[in-house]
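These notes are about the structure you will find just below.
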Amino acid sequence: MKKDLLTRQRLEAMSTADLLSLADDYGIDFPDNLDRRLIIGELLEFTEEDAAGTGTDETLTEQELFEEQDLPLTYNDTTVSLFMRNPAWLFVYWDIKESDMAVIKQDPSFESIFLHITFYENETDEKPCDSFDLSIKPEQRELSVLIPTDKKYVMVSLAQKFADEQPRVLTFSKKMKILKEREDIRDMQPGKKIKMSPLVELSGMKELLYSHYINHRQSFSN
């Protein structure tokens with residue numbers, strides 16, 4: 001909301017306490033023991049800037065602040081990213097620039113787009129220890145990937161396949177360390193006793209591990 005324009009004469013006639021109260025009304029926070037001349041200067045600058053504005057209240061209402069807004073389906077960039085949903089599942093999402101997609105579709109030898117999943121023993125390794133491919137649809141933008149056991153690092157490439165030639169890589173992700181599942185969860189079985197401290201057991205960890213085993217044992221035993 002636009003504030004009334006103040007003059008230096010009006011402000012200098014006010015007490016310091018009134019100046020601080022006015023600043024508080026304007027939403028300006030001053031440190032304690034600040035010189036009143038600086039307070040007056042800041043108030044004058046604030047009201048002059050406000051007078052030069054549109055005069056409308058641009059403060060968002062609570063409904064506008066928390067209103068859900070749809071994200072764009074594409075940002076028109078060729079990228080691929082990944083993160084771990086849990087130690088067994090990798091979530092991959094990607095985007096393909098419109099110009100890149102147009103070139104792909106115009107090539108008569110184009111066959112498909114796919115994800116090339118590679119695994120490494122060490123973060124600095126250049127040669128993968130294992131890999132596999134997953135076919136995807138041109139309009140697809142995300143995929144959950146089940147990770148084989150005992151893998152340490154993973155990287156995903158977005159590639160295209162053409163007839164009678166080697167695949168072409170469009171882009172690739174950073175190399176990511178694969179999380180390791182807790183042994184308590186991995187070895188959890190109904191009726192199997194697990195040694196826990198009284199404090200951990202009091203927290204409800206035993207019931208949580210049992211619930212994880214019942215609901216996610218397939219994922220953690222791939």
Side-chain angles (χ1 to χ4, degrees), residues 60 64-189 209 211-222:
L60 293 176
E64 292 172 331
L65 185 61
F66 294 99
E67 183 178 358
E68 293 186 4
Q69 297 184 7
D70 293 332
L71 294 175
L73 295 177
T74 176
Y75 290 92
N76 198 28
D77 193 13
T78 301
T79 60
V80 60
S81 304
L82 61 158
F83 67 85
M84 301 292 300
R85 287 179 51 191
N86 57 45
W89 286 94
L90 182 71
F91 183 75
V92 185
Y93 58 101
W94 62 91
D95 197 5
I96 302 177
K97 192 184 301 183
E98 291 181 3
S99 57
D100 290 341
M101 183 61 74
V103 171
I104 292 171
K105 291 182 177 180
Q106 289 173 2
D107 193 323
S109 63
F110 168 72
E111 291 185 347
S112 64
I113 300 175
F114 65 96
L115 298 178
H116 183 58
I117 319 293
T118 51
F119 300 96
Y120 302 82
E121 282 294 318
N122 304 289
E123 187 175 9
T124 56
D125 290 351
E126 295 184 5
K127 185 177 180 180
C129 61
D130 195 6
S131 66
F132 61 85
D133 296 336
L134 293 173
S135 297
I136 56 176
K137 299 177 181 179
E139 67 274 11
Q140 199 170 350
R141 290 293 180 269
E142 61 185 46
L143 186 68
S144 293
V145 180
L146 185 63
I147 303 173
T149 56
D150 301 325
K151 301 301 181 185
K152 298 180 180 179
Y153 291 88
V154 61
M155 187 173 74
V156 178
S157 300
L158 183 63
Q160 45 190 332
K161 184 179 180 181
F162 295 87
D164 301 325
E165 63 177 273
Q166 292 293 324
R168 304 174 193 172
V169 175
L170 286 167
T171 185
F172 54 87
S173 72
K174 294 181 179 180
K175 197 177 295 181
M176 175 181 287
K177 186 176 182 179
I178 298 175
L179 301 175
K180 297 300 180 183
E181 67 269 29
R182 285 181 54 93
E183 292 184 3
D184 294 342
I185 298 177
R186 183 185 62 194
D187 300 333
M188 184 69 182
Q189 296 179 13
L209 291 176
S211 174
H212 271 236
Y213 175 81
I214 294 299
N215 296 310
H216 305 292
R217 61 186 180 276
Q218 295 88 353
S219 296
F220 288 93
S221 59
N222 54 8

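Source: prediction; values computed, not measured. Here, residue 1 is the first one in the sequence, and each next residue gets the next number. Reckoned from all heavy atoms, side chains included, excluding hydrogens, waters and symmetry mates.
To the nearest 0.5 Å, atoms CG (L143) and OH (Y93) are separated by 14.0 Å. The distance from the CG atom of L179 to the CD1 atom of I147 is 8.0 Å, given to the nearest 0.5 Å. Atom CZ of R141 and atom CD1 of I96 lie 5.5 Å apart (nearest 0.5 Å). The distance from the CD atom of Q160 to the CD atom of E111 is 11.5 Å, given to the nearest 0.5 Å. Rounded to the nearest 0.5 angstrom, W94 CH2 and T79 OG1 are separated by 11.0 Å. To the nearest 0.5 angstrom, D100 atom CG is 9.0 Å from D77 atom CG.
Residues V169 and H116 have side chains not in contact (no heavy-atom distance under 4.5 Å, counting atoms from C-beta outward). W89 is listed as a side-chain neighbour of L146, based on a closest heavy-atom distance under 4.5 Å. Proximity of L134 to V92: side-chain heavy atoms (C-beta onward) are nowhere separated by under 4.5 Å. Residues I104 and L170 meet the side-chain proximity criterion, which asks for heavy atoms closer than 4.5 Å.
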Open item on the list: Determine whether D107 and R168 satisfy the following criterion, side-chain contact (heavy atoms from CB on, under 4.5 Å), listing intermediate values before the conclusion.
Closed with: CA-CA 13 Å; D107 193 323; R168 304 174 193 172; 3.8 Å; yes

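Summarising the geometry of I178 relative to M84, their closest heavy-atom pair is CG2-CE, 3.8 Å, with the distance given to 0.1 Å. The minimum heavy-atom distance linking P138 with M101 is given by the pair O-CE, 3.8 Å. Nearest approach of L158 to L115, heavy atoms of both residues: CD1-CD2, 3.8 Å. Contact record, T78 with K97: OG1-N, 3.0 Å, taken as the closest heavy-atom pair. Of all heavy-atom pairs between F132 and F119, the closest is CE2-CE1, 3.4 Å. In plain terms, the two heavy atoms of F83 and L90 that are nearest each other are O-CD1, 3.6 Å.
Within 6.0 Å of CD on E98 lie no more than 12 heavy atoms contributed by other residues, nucleotides or ligands. Heavy atoms of other residues, nucleotides or ligands lying less than 6.0 angstrom from CZ of F172 number 12 at most. Shown here is N122, whose CG atom has more than 12 heavy atoms of other residues, nucleotides or ligands within 6.0 Å. The environment of NZ in K175 is crowded: more than 12 heavy-atom neighbours from other residues, nucleotides or ligands sit within 6.0 Å. Under a cut-off of 6.0 angstrom, the local environment of CD in Q166 is sparse, with at most 12 non-hydrogen atoms contributed by other residues, nucleotides or ligands.
Side-chain N or O atoms of D125 include none that pairs as donor or acceptor with a backbone N or O of K127 at under 3.5 Å. Within the 3.5 Å criterion, the main-chain N or O of M155 finds a donor-acceptor partner in the side chain of T118. A donor-acceptor pair is defined here as one N or O able to donate and one able to accept, closer than 3.5 Å; such a pair exists between the side chain of S173 and the backbone of V156.
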